[in-house]
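Take a look at the structure below.
Because the structure is a prediction, the values reported are computed rather than measured. Start at 1 with the first residue, then count along the sequence.
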Amino acid sequence: MPQSTRLEHAVSDITDDGVATLTIVNAKTLNILGTPVIEDLIDALTELRSNPDIRVLVLRGTGDRAFIGGADIFEMSDFEPDSAKWFISTLRRLCDALRHFPVPVIARLAGWCLGGGLEVALSCDLRIGSADSNYGMPEVHVGIPSVIHAALLPRLVGGSHAAWMLLTGNNIDATTALNWGLLHEVAAEGELDARIAHTAHTLAGLGPEVLRQQKRLLREWEEVPLTQAIDESVNAFGHAFSTGEPRKFMNQFKKDRSKEVSR
């Protein structure tokens, strides 16, 4: 089932087991988010989300100098209020497309992850960084606030850490990002791609329906009161047994367990 999409700034590939990789290309040395780059990424995600064979998506930049070094300062420096709102709304569409992508999205975080790039990373479900990666929201240093999906930061790292990052604009290293809960894992030097592949193929080996269910529930739980989230989960649990996946995986579990006991 290998498939691919080729746009000027976005290239996607899909493996036989349903792992899709979306790579930012031709976006300067630090994978900078200008309007053409953002729009190509949105178009690529729109095409990918319609493919029922995809089980997990990996988002990455070209090379290891940066995941995304931020939004394009050269483009933004000429903005007026209306053009600024249009640009940030377009970046919001990209972040929303990742948050609501139907399967888990893994951010491959090498090198710098700054500003709009960190907002994109925060919109992904899992974040795995290289040992030398660095993270920051430096917008206050260029006269603008951190907005849109920077709003996710307090939920992930807590209000105190978020205030420090957003008000000072200072960067944090990978170890700090892991300790604060911004990263899920820090790969040892030279092991980033291996850790990304391991996580992606592990997820791809799970039932595709349950992964989509769980991703959908995670987004719904963010928006509704706790009691409502629990009530809706009951229906989701019942629906899972109409997919055939519980029978398949539970029977395999029982077989494996029986083998262990008989040894």
Side-chain angles (χ1 to χ4, degrees), residues 12 14-15 17-22 41-42 44-60 91-109 118-129 148-159 162 177-178 180-185 195-254:
S12 68
I14 307 172
T15 63
D17 62 349
V19 176
T21 300
L22 178 58
L41 289 169
I42 293 172
L45 287 167
T46 300
E47 180 174 340
L48 288 167
R49 73 175 291 119
S50 66
N51 187 332
D53 295 322
I54 293 177
R55 300 194 176 190
V56 60
L57 173 66
V58 176
L59 178 65
R60 59 163 296 161
L91 181 54
R92 175 186 179 173
R93 287 172 52 214
L94 171 59
C95 292
D96 282 342
L98 291 164
R99 289 189 69 240
H100 297 288
F101 197 76
V103 301
V105 181
I106 303 171
R108 177 194 183 274
L109 302 171
L118 184 50
E119 289 161 16
V120 169
L122 294 172
S123 302
C124 298
D125 300 291
L126 300 175
R127 288 169 292 280
I128 302 176
I148 56 170
H149 292 71
L152 295 169
L153 199 58
R155 302 185 186 193
L156 293 172
V157 305
L178 180 66
W180 285 6
L182 179 60
L183 294 181
H184 294 91
E185 181 180 354
R195 296 308 305 160
I196 294 287
H198 172 78
T199 303
H201 291 291
T202 298
L203 291 176
L206 302 175
E209 289 300 323
V210 72
L211 276 181
R212 288 170 180 259
Q213 261 196 316
Q214 195 65 73
K215 170 76 180 266
R216 190 163 55 246
L217 285 170
L218 282 168
R219 294 290 84 82
E220 291 174 359
W221 291 344
E222 294 172 344
E223 305 296 335
V224 300
L226 178 60
T227 300
Q228 182 180 344
I230 293 171
D231 288 342
E232 293 176 353
S233 298
V234 172
N235 294 328
F237 186 80
H239 174 74
F241 285 83
S242 70
T243 67
E245 290 184 359
R247 183 180 300 276
K248 172 186 174 182
F249 286 98
M250 289 181 184
N251 284 341
Q252 185 60 52
F253 174 85
K254 290 192 294 184

Residue pair Ile54 / Phe101: nearest heavy atoms and the distance that separates them: CG2-CE2, 4.5 Å
Check this for me, if you would: do Arg219 and Asp125 make a salt bridge, where the nitrogen-to-carboxylate-oxygen distance has to be below 4.0 angstrom? yes
Verdict with reasoning, Val103 to Arg55, per side chain to side chain contact (heavy atoms under 4.5 Å, CB included): CA-CA 6 Å; Val103 301; Arg55 300 194 176 190; 5.5 Å; no
Locate the shortest heavy-atom distance separating Leu211 from Leu203; write the atom from each residue and the value. CD1-O, 3.1 Å
Apply side chain to side chain contact (heavy atoms under 4.5 Å, CB included) to Thr21 and Val58, showing your working. CA-CA 5 Å; Thr21 300; Val58 176; 4.1 Å; yes
So, do His149 and Leu91 sit near enough that their side-chain heavy atoms are less than 4.5 Å apart? no
Would you say Leu118 and Leu182 make side-chain contact, with heavy atoms under 4.5 Å? yes
CG-SG distance between Leu109 and Cys124, expressed to the nearest 0.5 angstrom: 7.5 Å
Check whether any side-chain heavy atom of Glu185 lies under 4.5 Å from a side-chain heavy atom of Thr199, and answer yes or no. yes
Identify the residue among Val19, Thr15, Leu206 that makes a side-chain contact (heavy atoms from CB on, under 4.5 Å) with Val56. Val19
With distance as the sole test, does Glu119 use its side chain to make a donor-acceptor pair with the main-chain N or O of Cys95 at under 3.5 Å? no
Within a reach of under 6.0 Å around CZ of Arg92, are more than 12 heavy atoms found that belong to other residues, nucleotides or ligands? no
Output yes when a side-chain donor or acceptor of Lys215 lies under 3.5 Å from a complementary backbone atom of Pro104, and no otherwise. no
Restricting to non-hydrogen atoms, name the atom on Ser12 and the atom on Leu22 that form the minimum distance, rounded to 0.1 Å. CB-CD1, 4.1 Å
Nearest-0.5 Å distance that lies between atom CZ in Arg60 and atom CD1 in Ile196: 9.0 Å
Find the distance between CG (Leu57) and CG (Leu98) and round it off to the nearest 0.5 Å. 7.5 Å
Determine yes or no for a side-chain-to-main-chain donor-acceptor pair under 3.5 angstrom, with Glu245 supplying the side chain and Glu209 the backbone. yes
Within the 3.5 Å criterion, strictly below it, is a donor on Glu232 or Gln228 matched to an acceptor on the partner's side chain? yes
Nearest 0.5 Å, what's the CD1-CZ distance between Ile128 and Arg195? 7.0 Å
Closest heavy-atom pair, Pro154 versus Ala151, reported as atoms and distance to 0.1 Å, is CD-O, 3.3 Å
Please determine whether the number of non-hydrogen atoms from other residues, nucleotides or ligands lying under 6.0 Å from atom CZ of Phe249 exceeds 12. yes
Going through the distances and angles, do Leu48 and Ile14 end up as a side chain to side chain contact (heavy atoms under 4.5 Å, CB included)? CA-CA 9 Å; Leu48 288 167; Ile14 307 172; 4.1 Å; yes
Separation of Asn51 CG from Glu47 CD (nearest 0.5 Å): 8.5 Å
Taking the side chain from Arg127 and the backbone from Ala121, do they hold a donor-acceptor pair closer than 3.5 Å? yes
Backbone N/O of Gly18 and side chain of Asp53: donor-acceptor pair under 3.5 Å: no
Between Leu218 and Glu222, is a side chain to side chain contact (heavy atoms under 4.5 Å, CB included) present by the stated rule, with each step listed? CA-CA 7 Å; Leu218 282 168; Glu222 294 172 344; 5.7 Å; no
Mind checking the NE2-OG spacing from His239 to Ser233? Nearest 0.5 Å is all I need. 13.5 Å
